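Reading through the structure tokens given below for one structure.
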There are 2 protein chains.
Amino acid sequence: METKKDSTEEKILEAAKNVFVAKGMEGARMQEIADEAGINKALLHYYFRTKERLFEAIFSGIIKLAFPKIMTIVQSEASIVSKIEQIVDAYIDLLIKHPFIPGFVLKELNRDPSGLFKLVVKFGLNPQSVFDQIEQAMDRGEIRRMKPQHLLSNIVSMCVFPFAARPILSFILFKDDPSALEAFYNERATVIKEFVINAIVIKK
Amino acid sequence: METKKDSTEEKILEAAKNVFVAKGMEGARMQEIADEAGINKALLHYYFRTKERLFEAIFSGIIKLAFPKIMTIVQSEASIVSKIEQIVDAYIDLLIKHPFIPGFVLKELNRDPSGLFKLVVKFGLNPQSVFDQIEQAMDRGEIRRMKPQHLLSNIVSMCVFPFAARPILSFILFKDDPSALEAFYNERATVIKEFVINAIVIKK
DNA sequence: ATATGATTTAACCACTTAGTTAAACCAAAC
DNA sequence: GTTTGGTTTAACTAAGTGGTTAAATCATAT
């Protein structure tokens, strides 16, 4: 009996994820996906008629991983500082589990940004409400004044970029000790939270 | 008379840069490069025998833009805070002039990290000396204590990521006002410097 | 046993790609 | 005016690519 995990469809999705992540939509070959899944090309097309459809399935699956958790934090009742801490924790936690996401998403959104449009609509994302929350906290004197776009960019950059640039970090910062890279990623949440709080919280 | 700028070779390099940056090594087509350069495919191969060689010329040219300036700042005699400010200024200045670099470099280094190895050797890059400088400043109590790798990651992330994720910023943060994106990039250096200094400088 | 659906095999198509080649063309230098 | 080197044209190759097809196989449920 086959569990859902090793059904052919699951094997294909897993293989396709690996190949698409490693090679991108353009670089991925259907033959390679079939090989990685341990099946043949005919059966691969039998399940997912075209490369486009298969890619779409993978891509939307990856995106769905990231959005919902962030949204619930944003819409909660916590203080702005607490929300920032929660978002950093959630981001780093997700990225440690799925470190390939940033590189993959960046590559594909640069190739075809139209996918982003659909997603923003689909998830009903509204950045203005986030900007408002941040500006209200500044009005109350909780955090230093700066454009919300800059604050968000700073936080997301520090969370995401070290994963997008993993090969570079691995080589420049940790070329002698690869296991130190894992330790580094595990420290990120704590470091970023402290860094941001020192940067923006006004001490009384 | 032809200046060096509109010689055929220069036209090819310019066209190839545009196409490689937009489509990546895999996605770029020799025919498209030839069209963009206003010549034909035969002549393109006449100048650069293979796609590989042409790509190599473009890639190393782009990298050479970034490294040297950073190196001279690192090796100067300024204080650590001053060096950080100079590096942020230099990075943002470069990226405003060549905003495509981060996306391109990330994509190609994820595809084939071996190029990085050659570059590090070629430029004689030694991160340990940077780590030492940072740790000595911490010993002197100038800045808060943290692992140098984290500090460097934070700074570089905030400089580079918003350019790598340009389509995302453009859509999420500035979808109603595209010209605001340019203004945003022009503010980055000031914002990042202030942010970092607030985060790490110990006030007496 | 038979019917069904998953899977394999292997050939095939239409198309695109990088790269090559041979011939002609053209402008400027000699 | 002939040579030369950059340039075009147009055809070609060799090797992939995504995708299709038809037939055979295999396991399982009925």
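Residue numbers begin at 1 in each chain, while the letters A, B, ... track the order of the sequences. As the structure is a prediction and not an experimental result, all values here were calculated from the model.
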Between P of D:dG6 and CD1 of B:I39, the distance in whole Å: 13 Å
Exceeds 12 heavy-atom contacts within 6.0 angstrom, atom CD of B:Q128: yes
Aromatic ring pairing B:Y185/B:F163, orientation class (parallel under 30°, perpendicular over 60°, tilted between): parallel
Reported CD-to-CD1 distance for the pair B:E36 and B:I33, which is rounded to 0.5 angstrom: 9.0 Å
B:T8 vs D:dG6: side-chain N/O to OP1/OP2 distance below 4.0 Å: no
Gap between atoms NZ and P, on A:K23 and D:dG18 respectively (whole Å): 12 Å
Whole angstrom value for the distance that separates P of D:dG6 from CD of B:E10: 16 Å
Nucleotide nearest B:Y46 when distance is taken to its side chain, options C:dT8, D:dT7, D:dA10: D:dT7
Length of the line joining A:N40:CG and D:dA23:C1', which is rounded to integer Å: 14 Å
Interatomic distance where CE belongs to A:M25 and C1' belongs to D:dT17 [whole Å]: 12 Å
What does the list of N/O pairs under 3.5 Å between the protein and nucleotides 12-19 of chain C look like, with a distance for each?
from	atom 1	to	atom 2	distance (Å)
C:dT17	OP1	B:R29	NE	3.4
C:dT17	O3'	B:R29	NH1	3.3
C:dA18	OP1	B:A28	O	3.3
C:dA18	OP1	B:M30	N	3.4
C:dA18	OP1	B:K51	NZ	3.3
C:dA18	OP2	B:M30	N	3.2
C:dG19	OP2	B:H45	NE2	3.4
C:dG19	OP2	B:K51	N	2.7
C:dG19	N7	B:K41	NZ	3.0
C:dG19	O6	B:K41	NZ	2.5

Value in whole Å for how far the C1' atom of D:dT17 lies from CD1 of A:I33: 13 Å
A:L43 CG - C:dT8 C1' separation (whole Å): 8 Å
Ion pair check, B:E194 and A:R144, cut-off under 4.0 Å: no
Between A:N186 and A:E182: side-chain donor-acceptor atoms closer than 3.5 Å: no
Geometric class of the A:F104/A:F59 ring pair [parallel <30°, tilted 30-60°, perpendicular >60°]: tilted
Spacing of A:D35 atom CG relative to C:dT8 atom C1', expressed in whole Å: 14 Å
